[in-house]
Protein chains: 2
Amino acid sequence: MDNHTNGPIEDLGVVLGVDGGTTNTVCVCLPYGSTGQVKCLSRAVAGSSNRNSVGENAAMETLENVMKEALSMAERDWSEVRAVCLAVSGVNHPSDQKRLLDWLRMKFPSHVKFYVENDAVAALASGTMGKLHGCVLIAGTGSIAYGITEDGREARAAGAGPVLGDWGSGYGIAAQALTAVIKAHDGRGPLTRLTDNILKELQLSSPDEVIGWTYADASWARIAALVPVVVSSAIEGDEVANKILHESVCDLADCVIAVVRRLQLCGEDGKGRFPLVMVGGVLESNKKWDIGKEVTKCISKVYPGINPIQPEVEPAVGAALLAWHMCTKEGKTVQNGT
Amino acid sequence: MDNHTNGPIEDLGVVLGVDGGTTNTVCVCLPYGSTGQVKCLSRAVAGSSNRNSVGENAAMETLENVMKEALSMAERDWSEVRAVCLAVSGVNHPSDQKRLLDWLRMKFPSHVKFYVENDAVAALASGTMGKLHGCVLIAGTGSIAYGITEDGREARAAGAGPVLGDWGSGYGIAAQALTAVIKAHDGRGPLTRLTDNILKELQLSSPDEVIGWTYADASWARIAALVPVVVSSAIEGDEVANKILHESVCDLADCVIAVVRRLQLCGEDGKGRFPLVMVGGVLESNKKWDIGKEVTKCISKVYPGINPIQPEVEPAVGAALLAWHMCTKEGKTVQNGT
């Protein structure tokens, strides 16, 4: 999008982009009709809007509040909204989409366009500046790989939460580290520096206390916050921590490989190029033990045409760009809310 | 305990034994002073009393209600109680014991003796008829191995709940099966009969719906209830289900081996005999794929002196026998509540 205008821009209303993660929910408000650099009118932040983590009512309350705050900060009204893209983690099934679409229709006038998807879609759009093509890997508190072809076929892998084996996620890495502490303590596993490092971080005096700490609060984000301790233990040379990180790298790479294979994103010979947008704290956490770089290396052994992208804008802006494209009808496959 | 009396027995009050599991809590009331066959005056059942699963307040409410009901069914009063043994899953640390002891002291007169331990202790006592020596392996919704030597040294392994890697438990087996369904669906894992069998059991139409089902209710027991589906899938010849069960067998055996090694329960040469009490639905679930038998086989490769015991009384009776022994001072290492 090049800037074609220098004079005052006609006010054509706004679009809202919401990135609803398991830890935070971000809403940005963009002016509709501006064709220059992406310039947010406002940005609001709230807590989790993943219904699988915090429950349906709390998730919807968070979504409503964060949109209200973004509009208020931009000094705009609900009536000025042209389109909304909710990209929310935990949206896994058409019934999840339908519930949020029905809810949006009650909140907004009937002419407003809606797009409800998993948060992975916004993350992809943040790396491709609104173009829906390629694959995205998110590894924050949770993890998911999502891909879409130029003709609109979609696939995803993981994104099913901790009970269902998202072991490459921040939660998965930290839960395995806590397990290693318990196993070392009760004689089932090797001694590890994770014990001292995690006890120090949590200000606990014994591994027995880790059990109570773990179950005192069911929030996934609280567990995932231990990832930097696992990374620093691995950098110190701890074998157990290194093994956890290496296995997580494989798990994350497997997610992308499964998506690329199912969509034939690299063509039939597997040699074609494809954008891989990489998002989330786990993939950025540390330059000395760079999980994102290792994941890329692992995938490129199978699909050498990988083109890794670190997005320059955040996923909420990706969501807003999708809403924007939907209004201009430039967007592809953005039919499900109209 | 032989029956030495045939005439009317002097009424010396009662003892209460509580087996507090992650799925159910059972309380039995035994007459104190009877030296014949164990004969329960009453038996009451309630829900989970594991504070890590249902929270502290709900757990204590369950414990109070189940004791109240057992006394009422036996037509006895709180004032007639001589001793109480609470053997509750989720009691992992001296602070957990202290909290329950303080609570018991508020409920009962000061002369009553208390014994608070992990539910594993009652399960052991149920197999040894109150003698605290040997090892017990519980694999129900959760899993734990607990051992005690004749001179009172204790050790345990696992029992730390699903976040902390109790993969041999009923919850662990079922969660891995659900994960296999997701992985087969998104292209990360092999196809498995678990998909059809679990979808049928849960009356769902697609693997996508498994995610919503899993997180709709945080109860561990609800997940663990899928174990029979995993076992039947393994019997049908499904490789994924068989792999999950074989790995669970190894995980359960590892727990016992760790405890036996730390306590030197088989002597310094590792050849001595020791009782292994085996309790819980996972170890009894199916004769065609006998998880308990496989666990025993696996342990006996390392410790050939294993003497597996299937208890003839339930763990709550084991708890009551511990309370009974405590009063007669025949019991060992039952000091912590006095």
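Letters A, B, ... mirror the listed sequences (proteins, then strands); counts begin at 1.
- The backbone N or O of A/Gly21 lies less than 3.5 Å from no partner atom in the side chain of A/Asp119, so there is not a single donor-acceptor pair.
- For chain A, the nearby part of B/Arg262 is the side chain; its heavy atoms alone come within less than 4.5 Å.
- Side-chain contact check for A/Ser49 and A/Thr62: no donor-acceptor pair (N or O, by modelled atom type) lies under 3.5 Å.
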Given A/Asp102 and A/Arg99, is the salt bridge (charged side-chain N to carboxylate O under 4.0 Å, His left out) satisfied, shown in steps? CA-CA 5 Å; A/Asp102 289 347; A/Arg99 201 163 27 233; over 6 Å; no

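- Proximity to chain B (any heavy atom under 4.5 Å) is shown, for A/Ile211, by both the backbone and the side chain.
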Test salt bridge (charged side-chain N to carboxylate O under 4.0 Å, His left out) applied to B/Asp196 and B/Lys200, step by step: CA-CA 6 Å; B/Asp196 282 351; B/Lys200 192 176 163 201; over 6 Å; no

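- Both the backbone and the side chain of B/Pro162 come within contact range of chain A, with heavy atoms under 4.5 Å apart.
- For B/Ala158, the parts sitting under 4.5 Å from any heavy atom of chain A are the backbone and the side chain alike.
- Ranked by non-hydrogen atom pairs under 4.5 Å with chain B, the options A/Gly165, A/Pro94, A/Gly90, A/Ser95 are led by A/Gly165.
- With a 4.5 angstrom heavy-atom cutoff, A/Ala157 touches chain B via backbone and side-chain atoms both.
- For a residue to count as touching a neighbouring chain, one of its non-hydrogen atoms must lie under 4.5 Å from one of that chain's; by this rule B/Arg51 does not touch chain A.
- Interface remark: of the candidates A/Arg261, A/Glu56, A/Gln176, A/His93, A/His93 forms the most heavy-atom pairs closer than 4.5 Å to chain B.
- Of the listed residues B/Val163, B/Leu164, B/Asp254, the one with more heavy-atom pairs under 4.5 angstrom with chain A than any other is B/Leu164.
- Judged purely by distance below 3.5 Å, without hydrogens or angles, the side chains of B/Thr141 and B/Thr23 pair a donor atom with an acceptor atom.
- Checked for salt-bridge contact, A/Lys183 and A/Asp186 miss the test: no charged N lies under 4.0 Å from a carboxylate O.
- Using a 4.0 Å cut-off between charged side-chain N and carboxylate O, B/Lys243 and B/Glu239 make no salt bridge.
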